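Worksheet: the structure to be examined is printed underneath.
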Amino acid sequence: MASISSLGIGSGVLTSDLVDQLVAAERAPTEERLTQKTEQTQSLISAYGKLRSAITELRLPMRQLSAPDNLKAFSASSSNEEISVSVDSTKASRGTYSVEVTSLAGAQALASRDVFADRDATSVGQGRLTLNVGDKTTNITIDSSNDTLQGLANAINDSDAGVSAGVIDTGDGFQLVLSADETGTANAVSISVADDSVGTGTDNQGLSRFAFNSGMDADSGLRETIAATDAVMEINGVEITRATNSFENVIDGLTFDLTATGSSVIKVQQDLGAVTDRVQGFVDKFNALQSTIDSLAGFNAEAGVGSLLTGDSTVRSIQNQLRQVLTRVVPGLENSAVRSLADVGITTNFETGGLEFDRARFEEQLKANPDDVTALFAEQGRTTDSQVEFVRSGLNTEPGKYDINISRAATQGTLVAGSALADGIVIDDSNDELTFKVNGETSVSVQLTQQTYGSAQELVDEIQSQLNSNNALNAAGTSVQVELDGSGNLRFTSADYGDESAVSLESAENSAVFGLDSATETAGVDVAGTIGGRAAEGDGQVLFLGNGNGGASGLQVRILGDETGARGSITFVEGVAERTVDLVSSFVGADGAIESRTESLNRDLEQIQASQARLEERIAAYRERLVSQFTAADSLISQLNSTQDYVSQQLAALAPQNNRDN
């Protein structure tokens, strides 16, 4: 086949330019159609992307309003800036409190009595130091490698004992100084010495010069330069003590931070403006969504021109579903003071499709009917039994009323002594340590103050005090209550409920003193019963239904008290915000309408690209065919031209001969 570059040589007409023109003419209609379809499809994908973004923006403010705690904002103020207060709106409530701070928490500080000639050369003695800080015990060995004042300080700092050490230059020599890392009397330091290389551990020679406890001779060991102190304040005349200057949850939802002693008046008030701002955020985002929809799917009646998504079924469906949720009477609130958004000042502008918000009307209703306004936006479970609490719903929980019946109440694990606790018990180093296992996983050791307890109740109070301040219990987020039962026996009760709740005795010095040598352990049990007539599962005091249990699927309630049988009912109300969050998630989720439409458009793009590829293949074949045909035609024309030239030459050669013959 001849090259396209040779076209036209024979004819001067069938040139490569003519091939290009014919190919372009063949390509143009299909290519223009595919280009227009590509641009339209890409524009639709972009439009759905803008719609998805605007709808997603609506989810955040509605998610905030779907949490009941966000509709109970509170603010707190203090008349004394040195007694500051912060508030957790999820736990606080209105109130006014008189606060008097009489003492701040401070960390203990100690210093060596002796002054040493050199920090890095003078020997301080060798042996073992035992540091007790709170319930933490640390052993430190001093040998030839660290037998100096600085070596001792470094060893203490490296031990992580809860104490910081340093060496100061007094001008006349060097002294060791220690300070507890944490404030409060519970973190006071005591130091004992053993295996002292110089004298004994108590003769104020060698390492014993660094011993300390509150009962030591005033001239022995380290001296206390600053005593450990607790923070003490009175709230409405009730004294509270803490090891730090931060008091958390003394009053639900309030945290006090103290920087000086003095008095203050604390006021906690509902912050209506904060809640109103959250609702305003929802209104603004909805109106922004409506504006986006107008720009993408609106119709200009005067110009008779529609927009890219005008008449789009997906957009209409989204608008209709949102409008239905935002204008309906919330199921379960039909007989309430607040039933719909219109009742709290949120109405629809039927000309624009947007929302209008009467802030004053909303704050009025929030103040007068806080429970109904909360249910209007957030999910809520309304129980007829005061000892049944709504915990949460599930994704499949449907609004409605569900009866509750309890076949077994949850209980706490207990440990009960086998004999009564006597009065006048002497606690000394032979019986001052008790170790318990709580909830099967937390080991709790308490060390009782050595003294004579005049009554059994005094000893109970001491045990309770030690349990309340126990770090292991606090870290585990639980507690143990101790009391005397009707027979005067010690009873230890875990704060938790359910199968995992338990208290057992691991070890005790002279356990018979406490009646614990023949104690009885009783494990707790989970609650059991039905919700809406379906058998529910128990977890401590929480009764819940898994998926596949009808309308109540996912519903969780907390059952307080020990009553069994019918416990009334719970009415689940799914507020506007909660329902809107679910709707938005369904719109923009993996299986949502927008995602489905976008995937369909992307498939259209792939088909267009495939059509474009087929067009290129067809055009290439067409060009090839034209070139082949033009080449053949050009060759034929060239041959005909050659024949014509030959004939013309022959005729021209015959002409003179004919003339001579004539």
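Quick caveat: nothing in here was measured; it's all calculated off a predicted structure.
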Quiz item: Run the side-chain contact (heavy atoms from CB on, under 4.5 Å) check on S430 and E509 step by step: do they pass?
Solution: CA-CA 6 Å; S430 68; E509 297 178 318; 5.9 Å; no
[X] side chain vs [Y] backbone, donor-acceptor pair below 3.5 Å:
X: S66; Y: R63; result: yes
X: T411; Y: V525; result: yes
X: T435; Y: S443; result: no
X: T522; Y: T414; result: no
X: Q464; Y: V480; result: yes
X: S79; Y: V265; result: yes
X: S103; Y: V232; result: no
X: S112; Y: L176; result: yes
X: N489; Y: A417; result: yes
X: Y402; Y: G551; result: yes

Once you round to the nearest 0.5 Å, how far does [atom1] of [X] lie from [atom2] of [Y]?
X: T449; Y: I463; atom1: OG1; atom2: CD1; answer: 11.0 Å
X: D371; Y: L366; atom1: CG; atom2: CG; answer: 11.0 Å
X: L71; Y: T374; atom1: CG; atom2: OG1; answer: 5.0 Å
X: N132; Y: Q447; atom1: CG; atom2: CD; answer: 7.5 Å
X: I404; Y: S569; atom1: CD1; atom2: OG; answer: 7.0 Å
X: M233; Y: T241; atom1: CE; atom2: OG1; answer: 10.0 Å

Contact check, side chains of [X] and [Y], non-hydrogen atoms, under 4.5 Å:
X: L448; Y: L459; result: yes
X: L152; Y: N146; result: no
X: V388; Y: I570; result: no
X: I559; Y: V557; result: yes
X: S84; Y: S78; result: no
X: V189; Y: L178; result: no
X: N80; Y: V101; result: no
X: S479; Y: N468; result: no

Show every salt bridge (Lys or Arg N to Asp or Glu O under 4.0 Å) that has at least one partner inside [range], sequence neighbours left out.
range: residues 478-487; value: none
range: residues 432-459; value: K437-E506
range: residues 236-264; value: none

Looking at every non-hydrogen atom in both residues, tell me the closest pair between [X] and [Y] and how far apart they are.
X: A243; Y: A105; answer: O-CB, 3.2 Å
X: N439; Y: S501; answer: OD1-CA, 3.4 Å
X: S494; Y: Q412; answer: O-NE2, 2.8 Å
X: L207; Y: G127; answer: CD1-N, 3.3 Å
X: A165; Y: N157; answer: N-OD1, 2.7 Å
X: Q205; Y: D196; answer: O-OD2, 2.8 Å

Under the side-chain contact (heavy atoms from CB on, under 4.5 Å) test, residues paired with [X] that sit two or more places apart:
X: A161; answer: L131, T138, S159
X: Q269; answer: none
X: S393; answer: E379, F390, T397, F572
X: D562; answer: A409

Quiz item: Sequence neighbours excluded, which residues qualify as salt bridge (charged side-chain N to carboxylate O under 4.0 Å, His left out) partners of D385?
Solution: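 Expected list: R567.
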Self-check item: Sequence-distant partners of K136, salt bridge (charged side-chain N to carboxylate O under 4.0 Å, His left out), two or more places apart
Solution: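 D160.
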Practice problem: Please lay out, stage by stage, how N470 and Q466 fare under the test side-chain hydrogen bond (donor to acceptor under 3.5 Å, both in side chains). | Solution: CA-CA 6 Å; N470 185 267; Q466 295 296 333; over 6 Å; no
Quiz prompt | S192 vs N213, side-chain hydrogen bond (donor to acceptor under 3.5 Å, both in side chains): CA-CA, chis, key distance, verdict | solution = CA-CA 8 Å; S192 60; N213 65 62; over 6 Å; no
Mind listing the side-chain donor-acceptor pairs of residues 510-519 below 3.5 Å, one per line with the distance, residues two or more places apart or on another chain?
none

Practice problem: Start with the C-alpha gap between S455 and D423, add the side-chain angles, then the distance that decides, and say whether side-chain hydrogen bond (donor to acceptor under 3.5 Å, both in side chains) holds. | Solution: CA-CA 4 Å; S455 67; D423 294 331; 5.1 Å; no
Exercise. Given side-chain contact (heavy atoms from CB on, under 4.5 Å), test L110 with E224 step by step and report yes or no.
Key: CA-CA 4 Å; L110 307 172; E224 185 177 64; 3.9 Å; yes
Self-check item: With sequence neighbours excluded, residues passing ring pair (Phe, Tyr, Trp, His ring centres under 6.0 Å) with F436
Solution: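 Only F492 meet the ring pair (Phe, Tyr, Trp, His ring centres under 6.0 Å) criterion with F436.
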All N/O donor-acceptor pairs, side-chain side in residues 530-546, below 3.5 Å, sequence neighbours left out:
residue, atom, partner, partner atom, Å
R534, NE, N549, O, 3.1

Exercise. Give the C-alpha distance, both sets of side-chain angles, the deciding distance and a yes or no for side-chain contact (heavy atoms from CB on, under 4.5 Å) between V460 and L490.
Key: CA-CA 8 Å; V460 169; L490 280 173; 3.7 Å; yes
Quiz prompt | Side-chain donor-acceptor pair present, T183, T244, cut-off under 3.5 Å | solution =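 Their side chains do not contain a donor-acceptor pair, so the 3.5 Å distance test is not met.
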Quiz item: Between E234 and T102, do the side chains contain an N or O donor and an N or O acceptor separated by less than 3.5 Å?
Solution: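 No, no side-chain donor-acceptor contact under 3.5 Å.
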Quiz prompt | Verdict with reasoning, Q108 to F212, per side-chain contact (heavy atoms from CB on, under 4.5 Å) | solution = CA-CA 12 Å; Q108 185 184 42; F212 178 83; 3.6 Å; yes
Quiz prompt | Intermediate values then yes/no, side-chain hydrogen bond (donor to acceptor under 3.5 Å, both in side chains), N547 and S553 | solution = CA-CA 5 Å; N547 291 327; S553 294; 5.2 Å; no
